Amino acid sequence: MDNNARNRFYRWIFVFLILVSWEFIARSGIFTQSLFPSMFSVIKRLLVLITKEKLLLKTAYSISLVLLAMGASLVISTILILTGRKFQWIGTNVELMNSVASPLPGIAILPLVILWLGVRQEAMFFIMIHATLWPMWRQLSLGVDRLHLRYNRFEKAFVLSPLRRFYHIYCLGITEDLIAAMSVSWSRGWRALISVEMIFGIVGTQTGLGWMIYERRMYMDTEGLYAGLIVIALCGILFESLIFKKRNLRRMT
Amino acid sequence: MKPLITVTKLGKKFGGDYIIKDFNLVLYENEIVVIMGRSGIGKSTLLNIIGKLEPHDTGEIMYDDSVFDGIGVPFPFVFQEMETLLPWKTVRQNIALVNPKASADSLDDLIESVGLTAHQDKYPHELSGGMKQRVGIARALICASKVLLMDEPFGSLDREMRLRLQELLLSIQKKYALSILFVTHDEEEAKQIGNRILTIE
């Protein structure tokens with residue numbers, strides 16, 4: 001068995017042990033069913049939420065918000081990096097903004113954002129961009145610096161047009177950094193979104209996964225609450241471990 | 001013989017002191033001039049200045065009897081650092097990148113000249129050090145310049161590979177009637193390939 005297969009096997013064993021432990025604790029009577037339902041009842045509830053209460057639609061809506069915010073953050077990051085390299089004073093100030101804004105969780109600035117923008121989709125989007133922008137900018141910025149350091153002499157010695165340089169060196173060369181940036185950005189954005197949805201509730205015509213989980217609590221639907229958390233975890237695994245997985249792009253280094 | 005590069009009393013300061021002073025050089029058509037000296041003496045700086053990658057403080061550099069004030073640089077470079085090849089492009093793509101106007105035939109011819117026809121679809125990480133340097137040479141040649149600037153291109157290779165690439169360089173220089181400014185700290189290499197040797201002290 002090779003290393004990858006062995007690691008996958010260990011992961012499945014670990015998941016199996018967790019499920020078995022869960023079921024054991026649920027049936028042991030240590031906690032009441034309303035606090036710690038059995039895994040079977042959670043899965044049953046999950047299937048009902050999928051088939052009857054549009055869980056997949058709500059999840060897709062939440063994911064689309066994060067992806068939209070990431071797209072906007074990618075555009076903003078690109079503009080900040082390009083202008084920052086062209087004008088040093090912009091670059092310096094963006095660094096300063098990153099130092100100040102990046103440590104601030106989206107939920108901390110939420111009251112301020114609500115004051116400015118109200119309880120609307122624009123406010124949600126603002127928080128989402130705040131959560132996804134800074135890790136995206138930081139990773140891409142480091143990537144651009146690395147490429148510039150490595151290819152500066154080549155760029156000067158072989159005079160490529162600005163567009164060719166931008167595309168062939170920086171756009172193509174930044175792939176690994178972009179994947180890393182998207183992974184961190186997704187992670188921060190996903191966490192921020194779930195929290196924001198719990199607070200904003202119904203904004204517009206569609207609700208998301210965060211609000212669905214919050215509603216389950218209000219209806220004392222503990223199985224549904226756990227089911228929602230499982231969906232959050234599965235989305236995390238899907239995006240972080242599969243879609244934005246670190247690839248062995250040997251030819252990119 | 002026509003001078004392609006004429007350097008007169010070239011000077012370069014660093015931190016107030018001259019690191020290069022009163023340097024003179026003439027590069028004629030169809031010859032290899034080797035600039036030799038110990039490590040750290042300023043050979044690469046000299047080449048960078050002649051290649052317009054760095055400014056100079058005193059003196060004059062004439063290219064083909066006129067001062068170069070065009071955009072970019074007058075001549076292509078071959079570097080020692082093989083990391084300047086783009087890892088996400090094949091051999092052929094790396095070479096074609098610097099001259100998009102080059103025809104497919106001229107590209108084929110050039111790749112064959114450096115002995116990389118069988119490897120043209122490989123990526124840099126699949127090549128040996130010697131092969132990467134051959135890509136570097138081809139990348140400079142595709143610019144269709146009569147002058148090449150080579151900054152210790154074989155410095156990081158083993159002796160056997162260096163000898164093979166020196167032979168390749170000599171055959172290419174003869175084939176394309178090139179003029180080459182070649183920087184090295186290796187006396188044996190200088191004697192092997194140079195028509196004239198300038199020693200910096």
Side-chain angles (χ1 to χ4, degrees), chain A residues 2-4 74 77-78 81-82 85-88 136 139-184 243-253, chain B residues 44-45 47-55 68 70-91 93-102 121-127 132 135-145 147-153:
Chain A
D2 68 355
N3 255 351
N4 282 339
L74 181 59
S77 297
T78 306
I81 290 168
L82 286 174
R85 293 200 77 85
K86 181 82 180 162
F87 305 104
Q88 199 180 353
M136 177 89 69
Q139 190 67 45
L140 292 179
S141 193
L142 287 173
V144 167
D145 285 345
R146 177 179 54 79
L147 288 170
H148 180 70
L149 201 65
R150 185 162 164 173
Y151 299 110
N152 184 37
R153 210 172 165 212
F154 166 72
E155 287 179 61
K156 282 186 190 172
F158 294 92
V159 186
L160 307 178
S161 68
L163 206 58
R164 284 178 70 78
R165 267 168 53 197
F166 177 68
Y167 174 69
H168 290 284
I169 297 177
Y170 292 95
C171 285
L172 295 183
I174 207 122
T175 306
E176 277 191 359
D177 300 279
L178 183 61
I179 294 171
M182 304 269 273
S183 177
V184 178
I243 295 173
F244 298 133
K245 179 183 163 185
K246 189 175 158 72
R247 283 158 176 80
N248 183 17
L249 296 172
R250 191 175 167 208
R251 63 183 170 91
M252 290 292 179
T253 55
Chain B
S44 296
T45 306
L47 205 69
N48 285 346
I49 292 170
I50 294 171
K52 288 288 197 189
L53 295 189
E54 284 184 49
F68 181 83
I71 297 168
V73 299
F75 308 116
F77 265 82
V78 180
F79 304 108
Q80 182 185 96
E81 308 90 28
M82 291 169 273
E83 287 79 22
T84 57
L85 296 185
L86 302 185
W88 48 87
K89 290 198 173 288
T90 62
V91 166
Q93 289 167 343
N94 260 291
I95 297 167
L97 175 68
V98 300
N99 187 3
K101 291 180 186 160
D121 294 322
K122 288 187 180 172
Y123 290 91
H125 76 269
E126 297 173 289
L127 305 177
K132 287 181 193 174
V135 179
I137 292 170
R139 191 171 64 177
L141 289 173
I142 197 77
C143 298
S145 170
V147 177
L148 289 192
L149 305 176
M150 302 183 79
D151 187 4
E152 301 205 62

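Numbered from 1 within each chain, the chains take letters A, B, ... in sequence-line order. No experiment lies behind these values; they were computed from the predicted model shown.
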> Quick one: side-chain contact (heavy atoms from CB on, under 4.5 Å) partners of Ala102(B), sequence neighbours excluded?
Replying inline: Asn99(B), Ser106(B), Ile142(B)
>> Minimum heavy-atom separation for Ala140(B) and Phe158(A), please, with both atom names.
In response: CA-CE2, 4.0 Å
> Taking C-beta and beyond as the side chain, do Leu53(B) and Arg153(A) meet within less than 4.5 Å on heavy atoms?
Replying inline: yes
>> Show the nearest heavy-atom pair for residues Leu160(A) and Val98(B), with the distance to one decimal.
In response: CD2-CA, 3.8 Å
> With only heavy atoms counted, which part of Asn94(B) is less than 4.5 Å from chain A, the side chain, the backbone, both or neither?
Replying inline: neither
> What part of Leu147(A) lies closer than 4.5 angstrom to a heavy atom of chain B: side chain, backbone, both or neither?
Replying inline: side chain
> Do the side chain of Trp88(B) and the main chain of His168(A) share a donor and acceptor less than 3.5 angstrom apart?
Replying inline: yes
> How close do Ala96(B) and Arg164(A) get, heavy atom to heavy atom, and via which atoms?
Replying inline: O-NH2, 4.2 Å
> What is the minimum heavy-atom distance between Leu85(B) and Tyr151(A), and which atoms define it?
Replying inline: O-OH, 3.6 Å
> Between atom CZ of Phe154(A) and atom CG of Leu97(B), what is the distance when rounded to the nearest 0.5 Å?
Replying inline: 5.0 Å
>> So, using side-chain contact (heavy atoms from CB on, under 4.5 Å) as the criterion, who are the partners of Asn4(A) when residues are at least two apart?
In response: Asp2(A), Arg8(A)
